[in-house]
Structures are given as C-alpha cells and as structure tokens.
There are 2 protein chains.
Amino acid sequence: MAADDTTAPVPPSPWERERPARDRVSTARAPLTRERVVEAAFTVLDRQGLDGLSMRQVAGELGVTVSALYAHVSSKDDLLELMYTRLFDDFAIPEPDRERWEEQLRDFARSVRRRLLSHRDMARISMGHVPFTAELLPHVESLLALFRAAGLPDRIAAEAGDLISTYVDGFVLEEGIWQDRAARQAGDDDPSLSRPDWREMAGEMQDYFAALPAADFPHLRALSGLMVMDSSDDRFDIGLEIILRGLASYLPDQGAGAPDA
Amino acid sequence: MAADDTTAPVPPSPWERERPARDRVSTARAPLTRERVVEAAFTVLDRQGLDGLSMRQVAGELGVTVSALYAHVSSKDDLLELMYTRLFDDFAIPEPDRERWEEQLRDFARSVRRRLLSHRDMARISMGHVPFTAELLPHVESLLALFRAAGLPDRIAAEAGDLISTYVDGFVLEEGIWQDRAARQAGDDDPSLSRPDWREMAGEMQDYFAALPAADFPHLRALSGLMVMDSSDDRFDIGLEIILRGLASYLPDQGAGAPDA
DNA sequence: ACCTGAACACCGTTCAAGT
DNA sequence: ACCTGAACACCGTTCAAGT
C-alpha cells in the first residue's frame with residue numbers, strides 16, 4: 001500500500017480527517033479476524049470518539065455479538081494497544097544523516113503528529129502506552145540512531161526521544177480538546193452535525209482574553225493573539241524548534257553548551 | 001559555560017506519596033459540601049486509581065447515595081476539573097527576576113511535578129484539561145511573566161508555557177504507567193498489597209533490552225541503562241534542561257541562536 | 001472452531017418521593 | 001433544602017450452550 005507520508009518535508013495541512021473509505025464492500029460474512037476487529041474499532045473511534053468506543057459498539061459495527069470479540073482480542077486494553085501499534089505499522093524513519101539531523105527530526109515529529117491527527121482522540125490512546133513492544137521498538141531504535149549520529153551525548157540522547165514524543169502527543173491531545181470543545185459548541189442543537197467552526201471558537205477565546213482585567217493579566221492579553229489565533233502548524237513548529245535548539249546546544253561543535261559527555 | 005549539572009539546587013525527593021492524613025475525625029454527619037465531595041474523590045483516587053474512581057465509590061466514601069453528589073457537583077467531569085483546580089490551589093509562582101529566570105523555571109517545573117505526583121494518576125487528569133479557567137489563569141499569567149521578563153520574543157513566550165506544562169504532565173504520566181505496571185506485577189497474588197518494587201522492574205526491563213538482537217538494536221542496548229536505571233529525578237531534570245537551553249537560545253544576548261523575533 | 005445468549009458486577013445520570 | 005430509592009441506558013468480561 002505504500003503510504004510513505006512518513007518523511008515528506010511538505011507542510012501537512014492538518015485538520016483533514018483522512019476519511020477511512022476502505023473497501024467497505026461486503027461487511028457480510030467475511031470471517032472475523034483480529035485485523036477486522038481493529039479496523040472496526042477505528043471506524044467507531046472516528047465516529048464516536050474514545051469515550052464512545054465500547055466493545056459493544058465495535059461488535060455492532062461488525063454485526064456480531066460482544067462476546068465474539070474476545071476470541072480475537074483479549075481485552076479492551078489489548079484492542080487499544082493494537083490500534084496504537086497499527087497506527088505506526090508502516091512508519092519509516094530514515095537512515096541517519098548527521099548533517100541533516102535537525103531536518104530529519106522535524107520530519108519525524110511532523111509525521112507522528114499527522115498520524116495522530118488521522119484518527120480522532122488518537123493522542124489520548126497514544127499517551128497511555130509506552131512503545132516498548134516488539135512492533136514499536138524498531139522505531140525507538142531508529143530515533144535513537146538519529147540522536148547519536150548527530151553527536152549528542154548519551155545522557156541527552158536517552159531522554160531526547162521521550163521528550164519529543166511527549167511533546168507531539170501532548171500537543172495533539174490539546175488540539176483534540178479544542179476540537180471537541182468547538183464541535184460540542186457548534187453542534188449544540190444537532191450534536192451529530194458538529195461542525196468544528198474553528199474561527200468562531202478562536203474569536204470567542206480572543207474575546208474572553210480581551211475581557212480580562214488589564215491590570216491583572218497584561219501578559220496573557222498581550223500574547224493571547226499568538227496563543228489562540230496562530231495556526232496550529234506554526235505553533236507546533238515553534239515548540240519543536242525550541243526543543244531542537246536545546247538539543248543542538250549539546251553538540252560539541254556548538255558554542256552554546258559544553259559537550260560534557 | 002555551564003556544565004550539565006546546572007540543575008541541583010534542591011532535590012525534591014519524589015515518590016513520597018504525601019499521605020492525606022487529614023482530620024478524618026467524624027465522617028459522621030458533617031453536612032455534605034462541594035469541598036467534602038472533592039476530598040472524598042481524592043481519597044478514592046489514591047486508593048483505586050483513576051479507573052476505579054466512580055461516583056458510586058465517592059458516595060460510598062461519604063456514606064451517602066450516589067444521587068446526593070449531584071446536588072454539589074454537576075457531573076463527573078466537573079468533579080475531575082475541581083480536583084485539578086484544587087491541586088494547584090495555593091500554588092505560587094514568584095515575581096519574575098530576569099537574572100534568575102532559568103532557576104525560577106526549574107523550580108516551577110519541579111513543583112508542578114511534585115504536585116502531580118502527590119496523588120495517583122493526577123497527571124492523567126491534568127492532561128485532559130486546559131488551564132483557562134478563572135482559578136488557573138493567574139498561574140498561566142505568572143508563568144508568561146517569567147518568560148517575558150527573561151527577554152524571550154513573544155512568539156516563543158507564547159509557546160513556552162504549553163511546552164513546559166506538556167513536558168511535566170507527560171513525564172509524570174509515564175512515571176505513573178511504570179508504577180502501575182510494577183505494582184500490578186508485584187501484587188499478582190495479592191493485588192491489594194501491591195508493593196511497587198521499582199528495582200526489580202528496572203532489572204527486568206534491563207534484561208529485556210539486553211536480550212534484544214545486538215545487530216538490530218545497538219543504540220537501544222547502549223542507552224538502556226540510562227533509560228531505565230537512571231533516577232527519575234535526573235531524567236526529569238535532563239529533559240527540562242534541554243527545553244531551558246532551547247529557550248535560552250532565543251535570548252538576544254545569547255550567541256547560540258538568532259533572536260529571530 | 002467459532003459464535004450466541006444470558007448473566008454478573010459494575011457504570012453516569014435523572015427524578016419522583018420522602019423527611 | 002437536602003437526601004433516598006429506584007430506574008434507565010449503558011459498560012467490560014465470562015461462560016455454558018449451540019452449530
């Protein structure tokens with residue numbers, strides 16, 4: 001299938017919700033498999049969100065009894081982990097190029113964000129898992145390779161992966177909170193419609209900040225425009241850049257920090 | 001300048017679980033209040049974890065019917081938000097001192113981590129909330145004041161708070177995952193006992209990494225010691241330091257990065 | 001071998017009724 | 001005014017029974 005959206009240096013244009021549109025041809029009587037259960041779980045997730053993702057809903061999606069699921073999945077937690085794993089199935093991290101380590105890390109972080117954004121509430125699922133499984137460990141290895149090839153001291157390299165992954169997860173999770181909030185607000189009358197209406201939300205936040213007592217909140221008022229109005233992509237890149245600069249300061253040939261390894 | 005041990009004014013000695021030990025004198029017939037409901041919720045949280053925190057359990061803790069809670073709290077979500085708010089009730093961020101901004105930020109991050117660690121699964125609750133409420137907004141303001149006093153460009157200051165908060169939340173959340181895992185493992189037979197037994201867990205992780213094929217996982221094997229054996233406090237400080245150095249690179253008088261504002 | 005049906009022990013939330 | 005009891009519409013998980 002060759003997705004290879006993994007390392008495109010192009011701006012990702014997020015918020016696009018990657019409609020599944022899989023071959024939903026004959027849901028009829030294909031034999032139930034682990035893979036089909038996971039597939040159905042993604043469908044339910046995108047439709048109802050993580051809070052609406054129940055084993056019963058997944059079973060319903062497949063036209064099957066709840067208990068039938070337990071022949072292919074040992075628990076709901078197991079199912080969530082399978083979803084997390086499948087999200088990064090064909091994820092590819094390039095061979096380290098020590099001259100381009102910063103660019104490679106930027107691409108990595110952006111690809112992870114794009115994958116997390118491709119399914120609703122996926123960041124919440126991701127946050128609850130550590131990637132120390134047979135399927136995910138190779139990705140951790142490739143990421144560490146990037147840091148070490150760049151010449152970072154081991155103590156820094158050992159933390160850097162966690163730091164970046166946490167940043168991406170946390171950022172996307174917060175994006176999801178705002179989206180949900182906007183959706184809930186827009187779809188007050190008809191919650192099934194739920195058009196996010198981002199601009200309106202941002203406007204209201206802006207008004208909220210502008211209404212704060214100027215004497216008590218000078219900084220919040222001064223920065224609120226940047227905090228709520230800036231594009232999420234730009235805000236994401238800024239945070240990422242802070243981290244990358246921090247890492248760069250540990251390179252021996254950099255003037256900023258002592259190598260100290 | 002500045003070796004990596006830039007961080008060590010006061011080790012907070014974490015893992016100490018701040019036993020509530022409140023005046024649990026007469027649970028008897030004190031009138032039910034919002035505050036008492038929140039109090040009971042913390043008790044249940046520490047005993048059962050977030051997954052075991054149900055309205056019925058909280059009611060039971062208070063010797064009251066479930067429905068009685070809804071006179072003081074509008075929903076479970078509301079209750080969680082009250083808990084999140086109460087955790088930072090008397091949280092104080094100092095007046096900005098532009099010469100000591102890095103030290104002040106370190107103290108801030110460590111205090112937040114200590115608060116999150118003071119109740120089980122608190123980071124999970126925190127992650128699901130944005131601090132844009134009447135009670136929490138002053139803290140956001142104080143944090144922004146620190147960045148701006150340091151001389152950071154507005155675009156950087158606007159993201160820095162989110163970045164640091166996300167880092168702390170994510171780090172503590174991950175700590176919690178490992179703790180739970182260790183507890184579940186230790187308390188296999190008697191899950192109520194559940195002695196974390198950190199050292200044993202780390203040893204097993206170490207063995208797991210050591211057993212990986214050396215040809216495929218050279219970096220993971222090389223760094224696993226640092227990743228699992230290092231004290232959490234040290235690991236926390238390293239990630240924090242990366243962020244602080246990144247921020248510092250945006251200061252006009254720093255040589256490392258262009259001001260770029 | 002694979003799935004169904006029914007049950008168990010829970011959930012959050014609402015609301016009439018009691019005191 | 002404040003709380004109870006009962007109900008509603010859900011949960012995850014198990015397991016004997018069917019085919």
Residues in ring pair (Phe, Tyr, Trp, His ring centres under 6.0 Å) with B:Y208, at least two apart?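 So B:Y208 forms no ring pair (Phe, Tyr, Trp, His ring centres under 6.0 Å) with any residue.
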| Hey, do the aromatic rings of A:F132 and B:F209 have their centres closer than 6.0 Å? |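 Distance test on ring centres: under 6.0 Å, yes.
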Which part of the nucleic acid, if any, lies within contact of A:S54, taking any heavy atom under 4.0 Å across all strands shown: a base, the sugar-phosphate backbone alone, or nothing?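 Sugar-phosphate, no base atom in range.
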So B:A68, base contact, sugar-phosphate only, or nothing? Heavy-atom distance under 4.0 Å.
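Base: the residue B:A68, judged by heavy atoms under 4.0 Å, touches a nucleobase.
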Q: Please state the P separation for the pair D:dC10 and C:dA9 - nearest whole angstrom.
A: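 Those two atoms are separated by 22 Å.
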| Any donor-acceptor pair under 3.5 Å linking the side chain of A:Y167 with the backbone of B:I164? |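 Checked: no pair found.
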Between A:T65 and A:R56, who's closer to the 5' end of DNA chain C by nearest nucleotide?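 Comparing both residues, the 5'-ward one is A:T65.
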Quiz item: So which heavy atom on A:A123 is nearest to which on A:V172, and how close?
Solution: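 So the minimum-distance heavy-atom pair works out to CB-CG1, 3.8 Å.
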Least distance between heavy atoms, B:M83 atom then B:V38 atom: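 What the structure gives for the nearest pair is CG-CG1, 4.1 Å.
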With both pairing distances under 3.5 angstrom for Watson-Crick or G-U wobble, and | for a partner in another strand, the correct string for DNA chain D is ||.|||||...|||||.||
A side-chain contact here means heavy atoms from C-beta on lying under 4.5 Å apart; do A:P138 and B:F217 qualify?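 SC-SC contact between A:P138 and B:F217 confirmed.
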Original post:
Could you give the start and end, 5' to 3', of the contact zone on DNA chain D for chain B, using atoms under 4.0 Å from its heavy atoms?
Top reply: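 Span of nucleotides near chain B: D:dC3 to D:dA7.
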Salt bridge (charged side-chain N to carboxylate O under 4.0 Å, His left out) partner of B:R115, the single match among B:D169, B:D89, B:D90:
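Of the listed options, the one satisfying the test is B:D90.
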(request) With DNA chain D as reference, determine whether B:S67 or A:K76 sits nearer its 5' end, using the nearest nucleotide of each. (result)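 That would be B:S67.
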Test: A:R113 cationic atom under 6.0 Å from A:F236 six-membered ring centre, within 45° of axis: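 Yes, a cation-pi geometry.
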